[in-house]
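First listed ligand is number 1; within each ligand, the first listed atom is number 1. Note: hydrogens, waters and symmetry copies are ignored here, and every other heavy atom, side chains too, is used.
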Amino acid sequence: MKENRELITLAIESSCDETACAVLRGGREVLSSVISSQTEIHKQYGGVVPEIASRHHLTNINAVVDEALRRGGISLGEADIIGVTYGPGLVGALLIGLATAKAYALAMGKPLVGVHHIHGHICANYIEHRDLEPPFLALVISGGHTNIVEVTGYNQCRVLGSTRDDAAGEAFDKVARVLGLGYPGGPLIDRLAREGDPRRVEFKRVFLEKGSLDFSFSGIKTGVLNYINSEKQAGREINRADVAAGFQAAVLEVIVAKTVSAAVNMKKDKIVLAGGVAANSRLREMFEEECGGKGLRLFYPSPVLCTDNAAMIGCAAYYKYTAGETDDLTLDAIPDLKL
Ligand code: KG4
Ligand code: ZN
């Protein structure tokens with residue numbers, strides 16, 4: 001019998017537009033992580049086209065798995081656990097990863113472990129920070145999700161707040177499109193905002209009802225559009241850096257304030273950031289400033305572990321497997337899977 005820390009996990013992620021596979025030893029040691037991004041393909045459409053994403057997952061997946069095994073220095077037979085994202089995400093995209101994982105599990109007689117994509121994003125922090133342990137408060141902000149999550153154990157999560165409309169990353173992507181910056185918009189706004197003044201163009205901070213940990217970001221896109229149109233009508237030049245900085249400040253101030261107050265109210269001493277938007281440089285600075293003054297410890301993964309990858313899915317699969325949770329071949333893709 002292998003010890004847990006010697007277990008090898010092969011993990012697959014295909015929920016959106018990244019075809020990814022990783023090999024891990026134990027829960028936190030990444031032997032290889034291969035990410036085949038389709039960003040360049042979807043760029044021309046200004047966003048992910050689900051049908052095209054599925055097709056590219058299908059053509060890429062076997063080569064991505066082979067490369068992960070090669071770089072990880074293992075053969076398929078040496079994997080002890082097959083982990084895979086089964087939701088939430090684009091159903092056609094999820095199905096490619098899931099069918100592949102099931103085929104490997106069946107052919108090699110290995111246990112299959114289905115992973116919730118958001119659980120995976122949170123687990124990226126265990127890889128980055130070897131001594132991090134629950135409990136903590138997590139903020140998951142990505143292109144598809146915005147959640148404040150209470151994490152009480154490796155497999156125990158409770159959602160405290162969510163977006164009621166657009167996800168935070170979606171807001172970044174939409175505003176970037178309005179500003180003619182390109183796709184994906186998050187990193188472009190992050191960079192451009194550094195050159196702007198957030199006080200020159202101010203947008204409404206949407207806090208919703210008192211005490212609510214939910215978010216709403218759809219109004220801010222309209223706010224930015226209205227501002228651009230009215231400036232154009234008045235014949236004034238638009239300073240895109242100021243608009244980017246103003247938009248970013250409005251979104252991030254709400255996110256940081258709600259997360260920090262939730263951590264203080266719930267007496268958590270650690271805040272953990274996850275998801276693509278957690279790569280935002282200003283967000284990290286703002287959290288550093290707020291947490292420092294309140295005795296809160298802040299954790300976040302390096303950018304490559306913030307955006308979609310399979311290493312985080314392997315970590316989550318490891319913790320589910322070692323807690324006795326496995327799935328059988330009836331496991332299905334669930335596009336709106338709840339945490
Ligand atoms: O986690 P992720 O790769 O995919 C989902 O699960 O959705 O997140 C992608 C999102 C995109 O909306 C992208 O614009 C955003 O993360 N993003 C950023 C930054 N880097 C990526 N948003 C703000 N600032 C960044 N530096
Ligand atoms: Zn994601």
**Student:** Under a plain distance cut-off of 3.5 Å, with no hydrogens placed, do Asp166 and Ser218 share a side-chain donor-acceptor pair?
**Tutor:** no
**Student:** What is the closest protein heavy atom to atom 18 (C) of ligand 1, and at what distance does it sit?
**Tutor:** Gly186 CA, 3.5 Å
**Student:** Mark yes when over 12 heavy atoms from residues, nucleotides or ligands other than Glu51 sit less than 6.0 Å from its CD; otherwise mark no.
**Tutor:** no
**Student:** Report yes or no: does a heavy atom of His121 sit under 4.0 Å from some atom of ligand 1?
**Tutor:** yes
**Student:** Taking both backbone and side-chain atoms of Glu18, is any N or O found less than 3.5 Å from an N or O belonging to ligand 1?
**Tutor:** no
**Student:** Does Asp190 approach ligand 1 within less than 4.0 angstrom via side chain, backbone, both or neither, non-hydrogen atoms only?
**Tutor:** side chain
**Student:** As an exercise, identify every atom of ligand 1 less than 4.0 angstrom from a heavy atom of Gly169.
**Tutor:** 12 (O)
**Student:** What is the closest protein heavy atom to atom 24 (N) of ligand 1, and at what distance does it sit?
**Tutor:** Asn280 ND2, 3.0 Å
**Student:** For atom 3 (O) of ligand 1, which candidate among Ile141, Ile118, Asp308 provides the closest heavy atom?
**Tutor:** Asp308
**Student:** Is it true that Cys16 lies under 4.0 Å from ligand 1, counting heavy atoms only?
**Tutor:** no
**Student:** Looking only at heavy atoms of His117, does any of them come nearer than 4.0 Å to an atom of ligand 1?
**Tutor:** yes
**Student:** Heavy-atom contacts under 4.0 Å between Thr307 and ligand 1: side chain, backbone, both, or neither?
**Tutor:** both
**Student:** Compute whether any side-chain donor of one residue and acceptor of the other, for Gln248 and Asn280, lie under 3.5 angstrom apart.
**Tutor:** yes
**Student:** Under 6.0 Å between ring centres, would you say that holds for Phe136 and Phe299?
**Tutor:** no
**Student:** Below 2.8 Å of the Zn ion (ligand 2), tally up the protein N/O/S atoms for me.
**Tutor:** 3
**Student:** If you measure every N or O of Gly144 against every N or O of ligand 1, does any of those distances drop under 3.5 Å?
**Tutor:** yes
**Student:** Among all the protein's non-hydrogen atoms, which is closest to atom 7 (O) of ligand 1, and how far away is it?
**Tutor:** Gly143 N, 2.8 Å
**Student:** Are Cys16 and His42 side-chain neighbours, meaning at least one heavy-atom pair lies under 4.5 Å?
**Tutor:** no
**Student:** Would a 4.5 Å heavy-atom cut-off, applied to side chains only, mark Tyr154 and Glu133 as touching?
**Tutor:** yes
**Student:** Relative to the ring of His117, is the ring of His121 parallel (under 30°), tilted (30 to 60°) or perpendicular (over 60°)?
**Tutor:** perpendicular
**Student:** With distance as the sole criterion, is a donor-acceptor pair present between the side chains of Glu13 and Ser15 under 3.5 Å?
**Tutor:** yes
**Student:** Atom 20 (N) of ligand 1: which of Gly276, Gly47, Ala193 has the nearest heavy atom?
**Tutor:** Gly276
**Student:** Have a look at Val277, Val140, Ile35, Asp173 and point out the one with the heavy atom closest to atom 11 (C) of ligand 1.
**Tutor:** Asp173
**Student:** Identify all side-chain donor-acceptor contacts of residues 102-114 below 3.5 Å with residues at least two apart in sequence or on another chain.
**Tutor:**
from: Lys102; atom 1: NZ; to: Leu329; atom 2: O; distance (Å): 3.1
from: Lys102; atom 1: NZ; to: Leu331; atom 2: O; distance (Å): 2.6
from: Lys110; atom 1: NZ; to: Gly77; atom 2: O; distance (Å): 2.9
from: Lys110; atom 1: NZ; to: Ala79; atom 2: O; distance (Å): 3.0

**Student:** Check Ala311 against Val30 and note the closest heavy-atom contact, atom names and distance.
**Tutor:** CB-CG2, 3.9 Å
**Student:** List, by chain and then residue number, the residues other than Leu90 in its hydrophobic cluster (Ile/Leu/Val/Met/Phe/Trp/Tyr, side-chain heavy atoms under 4.5 Å); write none if there are no others.
**Tutor:** Val48, Tyr183
**Student:** So with a 6.0 Å cut-off around NZ of Lys2, is the heavy-atom count from everything else above 12?
**Tutor:** yes
**Student:** Identify each donor-acceptor pair in which a side-chain atom of residues 3-10 lies under 3.5 Å from a protein atom, sequence neighbours left out, and give them as a table.
**Tutor:**
from: Glu3; atom 1: OE1; to: Arg5; atom 2: NE; distance (Å): 3.3
from: Glu3; atom 1: OE1; to: Arg5; atom 2: NH2; distance (Å): 3.3

